Structure formats: C-alpha cells, structure tokens
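All figures in this text were calculated on a predicted structure; none of them were measured in a lab. Every chain is numbered from 1, with letters handed out A, B, ... down the list of sequences.
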Amino acid sequence: MRSRSVVRTGTRPKYINAFWAGSNIILLSRDEGGELVREIAPVEHASFIRKAAFDKHPELRSVIESSRYITGWREEGEFIRIQWTLREKAIAAAEKDGWFAQHGIDVFEADVDPVRRYITDNRIEIARPLRCYLDLETDDRLPFSQLTQMTILCWAVVSEDGTRKMTGVLSEESTEGERTLLKGLFEELRRYDQVCAWNGDRFDFKVIAARLAAVGLAVEMRRWLWTDHLPVFERFNMNSAESGEEKQSMSLGSVAAAVLGPDEKKLVKLGEVGGKRTYAMWKAGGEERDNLVVYCLDDADKERRIEDKTGCLETLFAVAQATHTFPDTRGADPVKFVEGYLLWMGAERGMHFPTWHPPPPSEEREKYRGAWVMEPTRTGILRDVHVADFARLYPSIIITWNMSLETMGEPWSLEKRQPTYLAHLPSGTNEVPVGYCAAPNITVDEILTVYDSVLFRNEPEGILPAMCIEFIRMRSYWDDEKKKHPPGSPLWVDANRRAAAFKICVNSVYGVAGSIWSRFFNKQLAESVTQAGVWLIQKTIEAGETRRIRTIYGDTDSTFSMGVGETEFAEFVKWCNADLYPRILKERGCTRNAISLAYEKAFDFLVMLGKKRYAGKYLHYKGKRADASSKPEIKGLEFKRGDVARLARQMQSDVINLLLAGKHEPQFYEDVVMAYRKRVLEGQLELADVKLAKGLSKSLREYIPKIKKDGEASALPPHVIVAKELAKRGRDVGQGIRIEYYVRDASTDPPIYAAAEDWKGDVDRYHVWENQVYPATLRVLATAFPRHDWAKFERARPKKDGGTASGTLFTKAALAVPVGARDKRVVVAAKKPGGSTGQGSLF
DNA sequence: AACTTTGGCGAGCGGG
DNA sequence: CCCGCTCGCCAA
C-alpha cells in the first residue's frame with residue numbers, strides 16, 4: 001500500500017479511522033498531499049476502580065500487583081486505572097460474580113472498546129473521510145444464502161462528487177480471474193476512506209470479505225469505514241416520508257425513485273425482474289456484458305445522487321465528528337455515538353461509567369413505564385383545535401431535574417390514602433429533602449396514590465443534563481451560523497447539517513439512558529424521565545380546565561384543546577411558562593427550569609379517529625397562517641402506512657382531503673365509495689394497487705407456529721408463509737427484509753397468499769375490498785358521519801349458497817347487504833328510523 | 001451483530 | 001360474535 005508509517009511528532013492530526021490490531025491501535029489520517037498516513041500506538045485494556053477501595057481493602061494493592069493479568073496501575077484523580085494483558089481479562093474481572101464484585105468493589109468501563117479507550121484518553125478528533133459509493137454484481141445462479149460462494153462479476157466505484165467512476169468486470173471464470181478483479185477493486189478503493197453501499201452490511205461487504213478469502217488475497221478490511229447507506233438513510237432521513245407510498249420498499253431503485261423524483265427512470269433491476277439475469281449477461285459477453293457493467297455503475301451512482309439530495313451520510317459525519325465516533329454503520333447507532341461523547345465528557349471531568357454487562361434475554365427484561373396517551377374525549381370532525389407541545393420534552397426534563405446516574409439519590413416513596421377523585425391534588429406532605437428535587441412518578445389505584453419518586457441532587461450539574469445542554473447550545477450555534485449565509489450556499493448547507501446533527505444528538509440522550517445496550521442505562525432514571533412528562537402534561541391539562549380550555553386529546557408531549565380562541569390559548573401557553581411550571585417545579589424541589597410549552601399550531605378542521613390516528617387542516621402553524629397550498633397533517637392512518645394496499649391509501653386520502661376541504665354531505669361520499677367499490681370489484685387492478693408489504697422482524701426459523709387444540713400447527717402470518725416460499729427460491733429473506741405479497745383467494749381455508757413476483761392479476765377482489773381497501777375509509781367516514789350507515793358497502797363476496805354468481809361482479813349476491821354485515825363497532829350512533837340509510841342510486 | 005424507549009392500532013388467527 | 005393473542009407498523 002502506498003501509505004507511509006510515521007512516528008508522531010508535533011500537532012495531532014484529525015483521524016479518518018482507527019482500528020485495533022493485536023497489540024496496537026492503528027490510526028489513519030491523510031497528510032496535506034492527501035496521502036494516507038498510518039500511526040501505531042500500543043493498545044491498552046483498562047478498567048477503573050475508586051481510589052477509596054484501596055482504603056477499604058488493604059490487601060487490594062498486593063492482589064493487583066501480583067496478578068499475572070495486570071501489567072500496571074496508576075492513580076488518576078479519584079480513580080485507579082488498572083491495565084490488563086487482555087481485554088477478556090479486564091472484562092472477566094468486572095463480571096457480576098468476579099473477584100472485585102465479591103469484595104464490593106465497583107469496576108468501571110472494563111468493556112470499553114480499545115479504540116474508544118484510545119480516542120477518549122488521547123482526545124482524538126475525527127477527520128472527514130474521502131467517500132465513495134460501491135456496487136457489485138455477483139453470480140445470481142446461487143441463492144442468497146450462499147452469498148459467500150458467489151463469484152463477483154463486476155464492480156463499480158463512484159467518487160462522492162461523481163467526477164470519478166470506475167468499473168471492473170471479470171475477464172474469465174477462474175480464481176485467477178476473480179483475484180485480478182478484486183485487485184483492481186482494491187487498487188481503486190485505496191483512494192478512499194469510506195466505502196458506502198446500499199445494503200452493504202448484508203451483501204456487498206460480506207461478499208467482498210468472503211471472495212478475498214476465497215481467492216487467497218489478504219487485505220486489511222478494517223482500514224476502511226464500511227458504511228451501509230440503507231440503515232443510515234432510514235435513521236436520518238425516514239421521518240421525511242409523507243405517505244406510506246415511500247415506505248413500501250427500501251430497495252435502492254424504490255428509494256431512488258422516491259427521493260430523486262419521477263423522472264428518475266429505473267433501469268431493470270437485475271435479479272428482481274426476469275429472474276436470473278446477471279450471470280447470463282456476463283456469460284453472453286459483448287454488449288450484454290457491457291450492459292451489466294452499466295447497470296452496476298448506475299446503481300452506485302444512484303447512491304451518490306440520493307446522498308446529494310438527502311445528505312444523510314453528511315449528517316452521519318457531522319454526528320460522528322461531534323461525538324468523536326467514526327462514521328461507519330455502527331457509528332450511526334445512538335448507543336455508540338452518545339457513549340462516545342459521554343466518555344469524552346467524562347474524561348474531562350475525571351468521571352468513569354459503569355461496565356456494561358450483556359442483558360438477560362428479552363422475556364426476562366423488566367419494562368418501565370412510558371408516556372401517557374389521552375383517550376380522545378371527542379371524535380369526528382372538529383373545528384378550531386389548538387395544539388400546544390413541549391419543546392424537547394425529555395431533554396428538558398433531564399436538565400430540570402438534573403437527572404443523571406451520579407446525581408441520583410434514594411428512592412423517595414410517599415403513600416397517601418385518598419379517594420381517587422382527589423388524586424390530582426398535591427400530596428400536601430411532599431416536603432422534598434433539601435438539596436434534592438423529586439421526579440414525579442405517580443401511581444393511582446382505587447384508594448391509594450403512591451408518589452414513588454426518585455430524588456436527584458440539584459448540585460453539581462449531572463453529566464447527562466450537561467450533555468443535553470451542550471448539544472442544545474451547539475445546535476443553536478449552528479442555527480445562528482446558518483442565518484449568516486445565503487440559503488443553499490455551501491456554508492449554509494454545512495451549518496444546516498451540523499444543526500441537524502446536534503438535534504439528533506439531543507434527541508438520542510433519553511433513548512440511551514433507557515436502553516439496556518448502553519452503559520448508562522438505568523430503569524429508574526428512564527422512568528423518571530417519562531413519568532415527569534406524564535406529570536407535566538397532566539398538570540397542563542388540569543390548569544387549562546380552570547380556564548375553559550377543554551383538552552380533547554394529548555400524546556406524550558402535546559395537547560389538543562378546544563373552547564377558546566387563539567388569543568386566549570396563546571395567553572394560556574404564556575401563563576404556563578411564566579407561572580405554572582416555575583411554581584410546580586419549585587414545589588418538587590427543582591432549582592432549574594428548562595420546561596417550555598409552545599403554541600405550535602391550530603387546526604381549522606380536525607378529523608379525530610382515536611389515539612394516534614387523526615387528520616387535520618391547519619389554521620396556522622408556528623405563527624404562519626395556512627393557505628390553500630398547505631398540506632393536511634395526517635397521523636397514524638393507513639395513508640401513512642407502507643404495509644397496506646396502495647388503493648387503501650388512495651381512497652382514504654381522497655376522502656380525507658374532501659372532508660378537510662369542507663365537503664360535509666354524506667351522500668357525496670356514498671358516490672365516492674361506490675366508485676371505488678366498482679373499481680376494486682370490476683376495474684383494472686395492477687399489482688401496486690393491492691400489494692401488501694411486511695417486514696420480517698426476525699429470522700424465518702424463529703417464527704414458530706403455535707399448536708392448536710386439535711394438535712395441528714396453527715397458521716403462520718401471511719408474510720411469513722410467502723417468505724418461506726421465497727426462501728425455497730433462494731431469495732434473500734433474512735431478518736428485516738420486506739416481503740411483498742397479495743391475497744389470491746381468501747375464501748379457502750387456509751387462504752392463499754402469493755408473492756408479488758408471482759402476480760398474474762389473480763387477486764381476490766372481494767377480499768381486497770372487504771379487508772384491504774374499504775375498512776380504512778369506512779372508519780374515517782363512520783367517525784365523520786356517525787349517524788350514517790357506512791357498513792352497508794362493505795360486503796362484496798357473494799354468499800356461497802347464494803345462487804350462481806356469474807358475469808359481472810355486481811350480481812345480486814354481491815350487492816345484497818345482509819343485516820349481519822353491519823359492523824356495530826363503527827356505527828357510532830343509532831340509525832334514525834327510516835332515515836337516510838343511503839339507498840343510493842346505484843342500488 | 002444489528003439493539004433508543006413505551007404506547008397503541010389494526011389484521012389475522014384461533015378458541016369459546 | 002367476542003375476546004385474547006401475535007405481529008408489524010406508526011406516534012411520540
């Protein structure tokens with residue numbers, strides 16, 4: 001490799017990557033000329049104990065000094081740093097039943113990765129890696145499960161600015177041929193530091209590693225940052241999807257189409273359309289082989305254009321640089337990057353954190369209580385609904401109650417016998433101990449109200465709140481920087497990314513405190529955060545009630561209220577911030593207050609269906625009046641879901657848009673329903689209209705059918721049945737893969753499900769209407785017009801004994817509306833006797 | 001390897 | 001017909 005190894009002197013460079021190799025840490029940077037520079041530093045396997053342990057255990061010093069696994073120790077502030085021969089020894093000594101634990105000595109950070117150790121102790125800064133996009137085409141005659149045996153037929157590498165596009169194609173089917181191809185690939189890759197591939201972790205990177213071994217090439221893979229673009233896109237870009245349409249498929253082609261627009265013409269995706277293609281194309285040689293390379297290059301370039309548009313890899317880099325983490329796939333994991341910053345800050349303060357221990361299996365894990373979701377007190381079409389929400393609720397709570405592991409005090413339990421109807425009153429005896437604040441954690445049952453609080457010391461500032469404050473400060477710094485530059489200019493774009501990155505960081509702090517995969521996990525702490533949120537929102541709703549503000553719904557950090565005008569509601573929000581929160585927080589012993597409620601928006605019309613399901617038309621949003629071009633806000637409804645049939649989304653969206661536009665005559669919607677019904681039962685249907693797509697949340701073998709009473713195995717979920725069939729064909733049906741399928745015939749027992757790739761137009765139209773398309777809209781209409789009978793349109797399938805259905809699907813049997821077909825659940829109000837039951841003209 | 005959390009809805013299945 | 005269960009997706 002054309003790199004040079006140096007002994008470091010002078011100013012420390014920023015590093016593009018580092019990895020642990022045997023007894024060394026290898027650090028990579030690039031010099032002024034862009035040449036790769038490697039530095040070598042000795043690896044250290046360290047753990048920490050409190051210095052006080054030496055006083056308590058006089059024998060400790062000699063135990064440490066005589067251990068053959070300990071190479072040294074030294075004092076560092078309040079801690080002793082112990083250096084181990086092997087990482088495994090450091091971890092073993094910190095085990096829950098290890099020597100230290102038996103002697104009541106806490107061991108800190110024993111499991112910290114050696115690279116992280118080095119970054120933390122040596123204050124390593126992260127440099128921007130040179131990025132490229134990679135795609136491979138492999139021999140598709142082998143099933144996905146045998147990807148390690150797949151010969152690489154060609155590769156394409158595109159530089160991040162798109163000015164350099166290189167490809168390689170297999171010259172001959174032999175080990176030597178593939179070795180030459182791989183050599184060519186790595187000759188190209190060494191210009192870069194970060195290699196991005198769509199689905200790379202599942203496919204391309206695995207194939208490369210396997211083929212290097214197969215042809216006998218030794219390459220130090222850890223020298224690159226291997227970044228799977230797909231999960232990074234999902235994590236940093238997904239919330240931008242408006243409808244479920246974009247969530248149907250995460251394939252490169254689909255995402256490119258969604259992100260780059262309809263003019264992005266997708267080339268035929270190899271291996272997906274037309275069955276086995278790649279090997280045949282390569283084998284054919286000539287123009288066909290050239291086409292294979294063209295496809296391959298086009299995919300690599302799609303990635304580049306997706307990044308140009310979304311910037312999610314740039315955001316990953318901004319997060320990584322802010323948290324001293326390298327921007328590979330794992331660097332996108334909140335647990336990883338928050339830990340990076342936590343240890344960084346801890347080192348500044350002479351603090352160390354608990355050793356992380358592998359958690360028990362999920363069945364044994366104790367959950368903690370989360371947010372509160374209010375049952376809507378009103379459903380249907382509502383007017384003038386004001387929405388307030390807490391700014392960054394959980395970080396604000398962490399700051400306000402100074403919630404951190406090291407500030408956590410004793411649990412503080414207070415039981416109070418009082419009737420439930422008084423449960424909302426302050427306990428009256430909650431004298432919080434001096435110097436502490438009490439996290440509200442209230443359980444109310446029939447007669448007992450339990451304030452099962454955790455106390456937190458107000459001083460000094462905890463490291464978790466400090467981290468939140470720093471991230472918030474940095475976000476606002478970059479927001480200010482942004483304003484100094486013309487929108488869209490390079491400096492503006494950079495500031496925008498960094499602001500976005502710090503927002504991601506702020507929002508990740510709570511999740512990490514609540515994650516068992518984090519060394520900072522603490523159930524009591526995490527529950528204190530969520531329950532403080534419950535308390536705040538409930539206090540807000542109560543306070544509103546005394547001011548004629550009727551809150552009809554709320555979820556976690558928001559309230560939806562009616563009964564007053566904009567001015568009064570704005571006044572209320574102001575009063576909450578100026579008066580209510582300062583007062584009640586003081587009562588809980590808080591000396592800080594980062595809680596802030598904002599009047600976010602108001603809805604002109606709101607169609608409220610239930611918890612987490614509504615659609616609204618804005619009156620104003622964040623101070624700006626809505627206009628005709630303002631899009632409706634839709635939450636939770638099928639329209640937003642990527643797993644339902646497209647027709648279900650379309651029909652529901654049509655009806656919602658009409659409702660929000662002020663169309664409020666039921667008869668009008670009867671016509672819409674009948675038109676859709678006709679289309680589903682008689683019209684042209686394409687696969688995309690009726691396709692369902694569900695992900696596999698675990699590997700196929702983990703779906704174990706229950707045994708029925710009769711001793712038979714019960715049915716697996718439809719997408720799993722289809723996935724098993726696809727597995728037989730050698731398709732990739734691993735964990736996380738979305739299975740696309742449709743219902744061929746639901747009248748049989750069991751129903752027949754078919755993979756999307758087997759589409760022959762033979763879809764069960766009755767099932768499509770009754771189960772996939774109409775219910776989503778039925779629920780909207782039944783909520784909007786509760787006195788109207790909407791269930792009568794639901795039945796479509798002719799009764800088995802109902803004579804001979806032939807010709808048109810609109811036979812008498814299909815149109816008959818048996819009384820029993822009415823779904824009582826959606827007929828909210830009693831039907832008016834003899835009233836309009838919608839015997840529309842089509843009947 | 002794949003893991004931020006809990007709350008909640010609806011589809012599908014099976015049993016009473 | 002209702003209920004309880006699992007599953008996957010979505011809200012926050």
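Remark: A:Lys611 is not positioned above the aromatic ring of A:Tyr553, lacking an NZ or CZ atom under 6.0 angstrom from the ring centre and at most 45 degrees off the axis.
Contact annotation: A:Lys611 reaches the phosphate of B:dG8 (side-chain N/O to OP1 or OP2, under 4.0 Å). Regarding contacts with the backbone of B:dA11, every side-chain N or O of A:Tyr774 stays at 4.0 angstrom or more from both OP1 and OP2. Applying the 4.0 Å criterion to OP1 and OP2 of B:dC3, one finds that A:Lys336 has every side-chain N and O outside that range. Considering only side-chain N and O atoms, A:Tyr753 lies under 4.0 angstrom from the phosphate OP1 or OP2 of B:dC13. For the OP1/OP2 pair of B:dA11 and a distance below 4.0 Å, the side-chain nitrogens and oxygens of A:Arg779 include at least one atom meeting the criterion. Of the side-chain N and O atoms in A:Arg369, none sit less than 4.0 angstrom from OP1 or OP2 of B:dT5. Between A:Asn507 and B:dT4, a side-chain N or O to OP1/OP2 separation shorter than 4.0 Å is absent. Within the structure, every side-chain polar atom (N or O) of A:Arg202 is placed at least 4.0 Å from both OP1 and OP2 of B:dA2.
Counted by atom type alone, A:Thr530 and A:Glu527 present zero donor-acceptor pairs between their side chains at under 3.5 Å. One side chain, A:His386 or A:Tyr599, offers a donor N or O that lies under 3.5 Å from an acceptor on the other.
Spacing between C:dA12 and B:dA1 at atom P, rounded to whole Å, works out to 36 Å. Of the P atoms belonging to C:dC10 and B:dA2, the separation is 23 Å, rounded to the nearest Å. To the nearest whole angstrom, the two P atoms, one in B:dT4 and one in C:dT6, are 23 Å apart.
Of the two residues contacting DNA chain B, namely A:Ile707 and A:Pro231, the nearest-nucleotide position lying further toward the 5' end is that of A:Pro231. The residue among A:Met374 and A:Val512 whose nearest nucleotide of DNA chain B is located toward the 5' end is A:Val512.
Contact annotation: side chain of A:Arg330 to base of B:dA1, donor-acceptor pair present below 3.5 Å.
At least one side-chain heavy atom of A:Pro440 sits under 4.5 Å from a side-chain heavy atom of A:Trp401.
Take A:Ala776 and apply the side chain to side chain contact (heavy atoms under 4.5 Å, CB included) test, not counting sequence neighbours, and it matches A:Glu638, A:Gln652, A:Arg779. Residues satisfying the side chain to side chain contact (heavy atoms under 4.5 Å, CB included) criterion with A:Asn771, sequence neighbours excluded, are A:His767. Every residue meeting the side chain to side chain contact (heavy atoms under 4.5 Å, CB included) condition with A:Asp113, not counting sequence neighbours, appears here in chain and number order: A:Val115, A:Arg116. Contacts of A:Glu366 classified as side chain to side chain contact (heavy atoms under 4.5 Å, CB included), with partners at least two apart in sequence or in another chain: A:Lys523.
A salt bridge links A:Arg519 to A:Asp111: at least one charged side-chain nitrogen sits closer than 4.0 Å to a carboxylate oxygen.
Nucleotide B:dG7 holds its P atom 13 Å from the CD atom of A:Gln538, rounded to whole Å. A:Ile397 has its CD1 atom 21 Å from the P atom of B:dT4, to the nearest Å. When the P atom of B:dT4 is taken as reference, atom CG of A:Leu464 falls 17 Å away, rounded to whole Å.
Within a 6.0 Å sphere centred on NZ of A:Lys631, heavy atoms belonging to other residues, nucleotides or ligands number 12 at most.
Between the axis at the start and the axis at the end of the helix from B:dT5-C:dA12 to B:dG16-C:dC1 there is an angle of 20°, using five pairs per end and rounding to 10 degrees.
Within the 4.0 angstrom heavy-atom criterion, base atoms lie near A:Arg641.
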What pairs of nitrogen or oxygen atoms, one from the protein and one from nucleotides 5-7 of chain C, lie under 3.5 Å apart?
from: C:dC7; atom 1: OP1; to: A:Lys698; atom 2: NZ; distance (Å): 3.0

